[in-house]
Peer 1: 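One structure, as structure tokens, below. Some questions next.
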Amino acid sequence: MIPDIVRTRSAIRTIVAKWKAAGETVAIVPTMGALHQGHLSLVKAAREQCDRVIVTIFINPKQFNNPEDLENYPRTEKADAQKLAPYNCDLVYVPDGAQMYPEGFASTVLVEGITDCLCGSHRPGHFDGVSTVVAKLFLQTQADFAFFGEKDFQQLQVVRTMARDLDIPISVIGCPTIRESDGLVMSSRNLLLSETARKIAPALGREMQAVIKGLAQGKPFQKLQKMAISNLEVAGFNAVEYLELRASNDLSLLDTPSQEGRLFAAARLEGVRLIDNLAVPARP
Ligand code: PAF
């Protein structure tokens with residue numbers, strides 16, 4: 001069944017209060033719409049673990065650095081609600097700008113430290129926007145569980161830190177990245193790639209796999225990193241913003257996989273920003 005759409009804070013609060021009074025657990029899956037299999041896998045995980053599932057759709061202006069990027073972001077509300085039909089989602093919460101940021105709105109949630117690197121340093125203010133909107137969604141829905149993809153691994157860690165530091169009583173669950181058959185990470189931004197760029201895009205993940213293979217063979221990271229960046233530029237990526245090895249827990253920079261790590265990359269292809277990250281096992 002196509003889930004109902006709820007558009008106001010007061011309506012969502014009333015519905016959730018009734019569910020909770022009946023002893024039901026409530027999950028949210030925060031999204032900006034343009035739903036794909038990655039989002040749907042989060043809905044499925046939420047469905048398996050909770051009694052009630054809310055998908056939120058809000059294209060959050062505060063997390064975009066570039067007005068053009070915000071303008072071009074796909075808006076597909078009707079199709080999104082239809083895609084949710086087979087997943088037994090209870091409702092879709094679609095607040096508008098006035099619900100989220102009413103006139104006079106003056107607060108920002110800022111998570112320090114972990115936001116200084118990777119996407120945080122390339123997209124100033126991005127994670128302030130994410131933390132602010134996600135804190136609001138947590139508080140507005142009063143959900144018990146929130147499901148996020150590991151595709152945005154830094155976002156997942158930022159949200160975990162924010163919920164912990166602000167004592168928001170919610171469990172943040174990370175779910176594995178979902179990929180297309182050629183390895184490209186599923187992302188709403190893939191819709192913005194031309195046919196040619198779409199064919200080039202999986203090179204990002206392939207080069208990252210090659211780095212991880214090299215690390216497992218004991219090759220030095222800097223050499224592998226240089227080679228991967230050069231290969232990506234030859235393949236047609238305009239700018240590799242970063243390709244870095246970091247610790248999974250606190251995102252501190254590593255130059256060898258001395259502990260459990262992740263390889264993170266962001267690169268632009270025809271102006272579309274693609275990101276990926278992969279687990280890197282610790283090598284004694
Ligand atoms: O990952 C996203 O789609 C967004 O950053 C989120 C978590 C929905 C906040 O706007």
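All values reported here derive from a predicted model rather than from experimental measurement. In each ligand, atom 1 is the first atom listed, and ligand 1 is the first ligand listed. Just so it is clear, the values below take in all heavy atoms, side chains as well, and ignore hydrogens, waters and symmetry mates.
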Peer 1: Determine, for K18 against E24, whether the closest basic-nitrogen to carboxylate-oxygen distance falls under 4.0 angstrom.
Peer 2: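 Salt bridge: no.
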Peer 1: Start with the C-alpha gap between E77 and R7, add the side-chain angles, then the distance that decides, and say whether salt bridge (charged side-chain N to carboxylate O under 4.0 Å, His left out) holds.
Peer 2: CA-CA 12 Å; E77 181 186 305; R7 297 188 189 275; 2.6 Å; yes
Peer 1: Should you measure from each heavy atom of F148, which atoms of ligand 1 turn up under 4.0 Å away?
Peer 2: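 Within the 4.0 Å cut-off of F148, ligand 1 contributes 7 (C).
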Peer 1: Look at atom 4 (C) of ligand 1 and say which protein heavy atom is nearest, naming residue and atom and giving the distance to 0.1 Å.
Peer 2: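 Protein heavy atom with the smallest distance to atom 4 (C) of ligand 1: Q63 NE2, 3.6 Å.
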Peer 1: Relative to the heavy atoms of V133, which atoms of ligand 1 are at a distance of less than 4.0 Å?
Peer 2: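 Those qualifying, in numeric order: 9 (C), 10 (O).
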Peer 1: Quick one: do the D80 and T76 side chains pair a donor with an acceptor below 3.5 Å?
Peer 2: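 D80 vs T76: donor-acceptor pair found between side chains.
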Peer 1: With a cut-off of 4.0 Å, which atoms of ligand 1 are near a heavy atom of T31?
Peer 2: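 Atoms satisfying the 4.0 Å criterion: 8 (C).
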Peer 1: Which residue and atom name correspond to the protein heavy atom nearest atom 1 (O) of ligand 1, and how close is it?
Peer 2: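 For atom 1 (O) of ligand 1, the nearest protein heavy atom comes out as Q155 NE2, 2.9 Å.
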Peer 1: Can you list every pair that meets side chain to side chain donor-acceptor pair (under 3.5 Å) and has a residue in residues 190-207, with sequence neighbours left out?
Peer 2: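 Qualifying pairs, neighbours excluded: D182-R198, S194-E270, E207-N231.
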Peer 1: For residues 134-153, which residue pairs qualify under side chain to side chain donor-acceptor pair (under 3.5 Å), counting only residues two or more places apart or in two chains?
Peer 2: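 Matches after skipping sequence neighbours: K20-D144, Y93-Q140.
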